[in-house]
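Heads up: the structure comes next, in structure tokens.
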Amino acid sequence: MEYRFKMQLGNWFQIEKIIRNLESIQNFIVVSLCFGLFCVMIIRLGDMFVSLLHPLEFQRVTSDILFILILVELFRLLIIYLQQQRISVGVAVEVSIVSALREIILRGVLEISSSQMIGVCSFLTVLGLLLLVRAWMSRIYDRPMSSPVESAKPEK
């Protein structure tokens with residue numbers, strides 16, 4: 001009786017159809033984020049080239065370059081998500097590392113307090129260990145560490 005009730009409930013709500021529609025909406029949101037990130041990258045790239053016309057500020061130019069790299073990595077993360085419907089841990093960790101280093105460069109190493117520097121070093125150490133564990137796990141399970149985008153391409 002319970003099985004029949006679940007079947008009727010499943011047919012009444014059409015669970016599979018609802019899930020497909022929600023996944024389509026989610027993919028639309030991710031594609032919108034991709035377009036938004038692409039536009040922000042173009043705008044920031046233009047701003048960076050305009051800032052090169054003024055007297056060179058090393059911290060600002062480096063910060064802009066690292067910010068654009070962060071946006072590129074986030075874009076890559078979204079593309080991987082669209083292709084494989086999963087988040088790439090390796091790419092997410094790389095984005096976190098570059099973001100932390102960007103903040104250090106932006107503020108200046110000498111202007112950061114020692115407690116904040118210890119916190120950032122601990123954070124970077126944990127992220128580095130995550131990358132090592134990922135590499136170790138891929139060797140254990142005998143999977144190549146190639147990027148998910150390359151592994152998603154069909155073989156000839």
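- Leu124 and Ile118 end up in different hydrophobic clusters when Ile, Leu, Val, Met, Phe, Trp and Tyr side chains are linked at under 4.5 Å.
- Side-chain contact between Leu74 and Leu33 is absent, with no heavy-atom pair separated by less than 4.5 Å.
- Interatomic distance, CD of Gln83 versus OG of Ser88, reported as 11.0 Å (0.5 Å rounding).
- Between Met41 and Val72, the closest heavy-atom pair is SD-CG2, 3.5 Å.
- In this structure the side chain of Tyr81 reaches within 4.5 angstrom of the side chain of Asn27, judged on heavy atoms.
- If you chain together hydrophobic residues whose side chains sit under 4.5 Å apart, Leu66 and Leu45 fall into the same group.
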Worksheet entry | Working for side chain to side chain contact (heavy atoms under 4.5 Å, CB included), residues Leu101 and Val98 | CA-CA 5 Å; Leu101 292 176; Val98 174; 5.7 Å; no
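- The CG atom of Leu52 sits 9.5 Å away from the NE2 atom of His54 when rounded to the nearest 0.5 Å.
- Taken from CD in Glu94 to CG in Leu77, the straight-line distance is 10.0 Å, to the nearest 0.5 Å.
- Shown here are the side chain to side chain donor-acceptor pair (under 3.5 Å) partners of Glu23, two or more places apart in sequence or in another chain: there are none.
- Between Ser63 atom OG and Glu103 atom CD the span is 7.5 Å, to the nearest 0.5 Å.
- Residues Val133 and Ile140 share a hydrophobic cluster, clusters being chains of Ile/Leu/Val/Met/Phe/Trp/Tyr side chains in contact below 4.5 Å.
- A continuous path of hydrophobic side-chain contacts links Phe49 to Ile65 [ILVMFWY only; heavy atoms under 4.5 Å].
- Summarising the geometry of Leu131 relative to Gly90, their closest heavy-atom pair is CD2-O, 4.1 Å, with the distance given to 0.1 Å.
- In this structure the side chain of Leu37 reaches within 4.5 angstrom of the side chain of Leu78, judged on heavy atoms.
- At a threshold of 4.5 Å between side-chain heavy atoms, the hydrophobic network of Ile, Leu, Val, Met, Phe, Trp and Tyr places Leu56 and Val50 in two separate groups.
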Fill in: Chi angles and distances behind the side chain to side chain contact (heavy atoms under 4.5 Å, CB included) call for Ile104, Ile112
CA-CA 8 Å; Ile104 291 172; Ile112 297 176; 4.1 Å; yes
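- Listed by chain and number, the residues in a side chain to side chain donor-acceptor pair (under 3.5 Å) with Arg20 amount to none (sequence neighbours excluded).
- Interatomic distance, CD1 of Ile68 versus CE of Met48, reported as 4.5 Å (0.5 Å rounding).
- Scanning both residues, Ser51 and Asp64, for their nearest heavy atoms gives OG-OD2, 4.2 Å.
- Here the CG-CD1 distance, from Asp47 to Ile42, works out to 11.5 Å after rounding to the nearest 0.5 Å.
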